[in-house]
Structure formats: structure tokens, C-alpha cells
Amino acid sequence: MPKRRIKKTRGLPMTFELQHTDPCSNARTGLIMTDHGPIKTPIFMPVGTCASVKGVHFEELRHQVNAQIILGNTYHLYLRPGLDILEKAGGLHGFNGWERPILTDSGGFQVFSLTGIRKLREEGCEFRSHIDGSKHFFTPENVMDTQRVIGADIMMAFDECPPGQSDYSYAKNSLALTERWLNRCIKRFNETEPRYGYQQSLFPIVQGCTYKDLRQEAAKFVADKGADGNAIGGLAVGEPTEVMYEMIEVVNDILPKDKPRYLMGVGTPQNILEAIERGVDMFDCVMPTRNGRNAMLFTYNGTMNMRNKKWEADFSPIDAEGCYIDRIHTKAYLHHLFKAGELLAMQIASIHNLAFYLRLVTDARQHIEQGDFVQWKRSIIDQLGQRI
């Protein structure tokens, strides 16, 4: 069978147009243009760790979930299938057939989570594969090269993601290392070209744990780089929720308003709405699919555990206002599938949760445009976290 060809485009730089701002908050809407298509913000990005979003086919991502962009994970893709296969396929777009934009993380979070099997030093980080124990070494330079091969539209800088409860001394030293690494990432990025005929963008990451002065320093350092967009990392790692919101405010007071802001790895529907109110544009999290595989559904009325007996004879739709799959299947049917251990249960629940997250940010966008985002958010945020 001949290799699938992805159409090469003109190779225009990524752009961001700020379209609307909420009169009572920092919430905003925008439009990111990439060579693989547009992204309307605020946006949630399904996580496709190993070149797929777990349990969800790309047809469902396109037509049920309405995903505009997905993530790939540099660490996992580097280890498997490996860069040789990805390059022969024409990058991740050619390998998995997803023709819309892709963002790749740097692999830093995964590497630094390998406690006991990684060694950190100035040059980079040595680690052992979780698959076979083989040794590998990530540097700012080869992580840029790796993401060039993967072919993501948006690449992330290589950073250290310090533990959430790090003391001030560790956090300060870690941030200094991340800033030195960012300079090296930018240098390598500027020295190299995309491999597949379309442009790629590099987003720096703001670190600094929960220390206001470090976050301010990091945001200023990142803002001065003039990148196409900027990310906020190292949050939702155990700190109190209110502290996370405070750090978002601190950082977004400094990051440029004319560039998209990406809050990495966050989070619950409530987290997302609070962050949108504080000026965040882009989100990702494994929660919709991970929780879905464990029978937890997110809805506007709260969360549902589909293994609970209360759903056994409930023949109402999973979500009458949701996607097509929500409307044609009942709660009783999904309850049965989970009790029977059917794989279809995890697929339906994952599609539902992802579609709900995309619906949530789409509704947020509409209310920002209407100028009543804050009132709408306040009217629904408490019930989002209730258990039904």
C-alpha cells in the first residue's frame, strides 16, 4: 500500500488574532491560524500520548468531539514508534492520519517524573526507558530536533518541571536551569527548518512553582523572547486550587496579550472556566479520557459514576444536549456496558467527556462574545462539581 500523503501547504507562520474580550474579566476569544487549519480559542486539546487519543478514533474526534487540535507526547513517541518510523511516514500527521493541528509537549514532565531512573545535569537529562530500561539522554537541542521530526505545528521548549512542593532554593535553581535551556531551545529552533513543508512554532514555558517573584521573573523572561505563544507549566501538581489561580493571574499580568496562552495539564471543568476568566486560551488534560475509562462522566449538572445501580433502569439519553452518541445511547445501556466489562463502555464515556469539554469551551467562547461570560460561569460552576 503506498504511503499516505499529507498535502504540503504554503508554510506561513502561525498567527493569533484576538477577537473579543469579556467586559467584566480577562476572558477572551481568539483565532490561531496554522498550516493545518484554524483553532478557535478558548480551546481544549485532547491528549494523544502515543499517536492516538485512547479509545477514540479520529472520525469521532472530528465529528463527535469537534476537536480542532490534539496533543502528541515527545517522550513516548521518541521511544515508540521511534523517530525513524515517524520520519519515514512524513511526521506524526502522516503516521496517524490526523490532518488538523498537533501540539507536542517537550517530554520534560515525563522525564522528570521518572524518579530514581533519571539524572539531571546542565547539559540535559539522562533517563531510562519505562519500556525496556534502555538509557537515553534529552537535551534542549535534541528535543527540538525530535519535535521537528515529529512535525508538530506547535512545539514546546524543554524545561524542568519541579515538584509542586519544592522549597524556594530548589525552585529558584530549577527556574534558572529552565531559562538557560530555553535559550538553547530557541537557538536550535532558529538554526533548523521544518521537515515536511509547513511551519512550526515554539512555545516557551513559564515555571517558578508557587513563588510569586519566581513566576514574575519567568513570565518576563519568556515574554521578552517574542515567541508565537507562551505556556504556563508546573501547576495542578498538588498545590491548592486558589494558589493555582493566583499564579495564573500573576503570569498573565505579564505575558503579552497578543499571543495565545496555554495552561498545561489543567484540568477539571471548573479549573478551565476559572482559567478562562483569568485570560488563558488553551488547555489539555488526560482527565476526560482517563476518568471516562473509569466510568466517570462530566456533565453540566455534575459528575456521574456509571457503575452506580441508580442508572440500571434509567432509559433517558446519556446527555440529551450532548453529541450524537450521547443522544442515541441511554444511561442504562452505558451502565450495563461497564458492568459487563465491555470495551465499548470506555469508548462511549471517553467520547462523551471529550465532547463535553469541547462543548464547554465553545459555550464559554459564545458567552465571551455576548459579554456575559462571568454571569454564565457563576451560574453553572458549582453544579459542575456536584455528584449526581
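The first residue of the sequence shown is numbered 1, and numbering continues consecutively from there. Just so you know, these numbers come straight off a predicted model, no measurement behind them.
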### Query
At their closest point, which heavy atom of Val361 faces which heavy atom of Pro42, and how far apart are they?
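Minimum heavy-atom contact is CB-O, 3.7 Å.
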### Task
Provide the closest heavy-atom pair for Leu92 versus Gly72 in the form atom of the first, atom of the second, distance.
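Minimum heavy-atom separation between Leu92 and Gly72: CD2-CA, 4.5 Å.
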### Task
Please say which of Phe58, Tyr196, Tyr198 ends up in a ring-ring contact (aromatic ring centres under 6.0 Å, His included) with His93.
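Exactly one candidate clears the test, Tyr198.
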### Task
Look at atom CD of Glu321 and say whether more than 12 heavy atoms of other residues, nucleotides or ligands are closer to it than 6.0 Å.
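At most 12 heavy atoms, drawn from other residues, nucleotides or ligands, come within 6.0 Å of this atom.
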### Neighbour count above 12 (heavy atom, 6.0 Å) for Lys225 NZ
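More than 12 heavy atoms, drawn from other residues, nucleotides or ligands, come within 6.0 Å of this atom.
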Quick one: do [X] and [Y] make a salt bridge, cutoff under 4.0 Å?
| X | Y | value |
| --- | --- | --- |
| Arg28 | Asp281 | yes |
| Asp319 | Arg327 | no |
| Glu312 | Lys331 | no |
| Lys377 | Glu274 | yes |

### Task
Kindly state whether the ring of His20 and the ring of His367 have centres lying under 6.0 angstrom apart.
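No - the distance between ring centres of His20 and His367 does not fall below the 6.0 Å cut-off.
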### Message
Please check this pair: side chain of Trp376 against backbone of Gln366, looking for a donor-acceptor N/O pair closer than 3.5 Å.
### Response
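A pair under 3.5 Å: no.
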### Query
Does the pair Tyr78 and Phe138 meet the rule for a ring-ring contact (aromatic ring centres under 6.0 Å, His included), with working shown?
CA-CA 10 Å; Tyr78 162 80; Phe138 273 0; 5.1 Å; yes
### Flag side-chain contact, heavy atom, 4.5 Å: Cys323 against Ile351
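SC-SC contact between Cys323 and Ile351 confirmed.
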### Query
Below 4.5 Å, heavy atoms only, C-beta onward: do Pro288 and Leu354 meet side chain to side chain?
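Yes; the side chains approach each other to less than 4.5 Å.
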### Message
Under a 3.5 Å threshold, yes or no: a donor from one side chain and an acceptor from the other, between Gln68 and Arg100?
### Response
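Side-chain D/A pair, Gln68 to Arg100: absent.
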### Query
Can Gln147 and Thr104 be counted as having a side-chain donor-acceptor contact under 3.5 angstrom?
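Checked: Gln147/Thr104 side chains pair up, N/O donor to acceptor below 3.5 Å.
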### Task
Establish whether Met304 and Tyr300 are linked, either directly or via other cluster members, by ILVMFWY side-chain heavy-atom contacts under 4.5 Å.
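In one cluster with Met304: Tyr300, yes.
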### Cluster check Leu31, Met14: I/L/V/M/F/W/Y, side chain < 4.5 angstrom
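As far as the 4.5 Å side-chain criterion goes, Met14 and Leu31 are not connected within one cluster.
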#### Entry: ring-ring contact (aromatic ring centres under 6.0 Å, His included) between His76 and His130, worked out
CA-CA 10 Å; His76 288 282; His130 72 287; 5.2 Å; yes
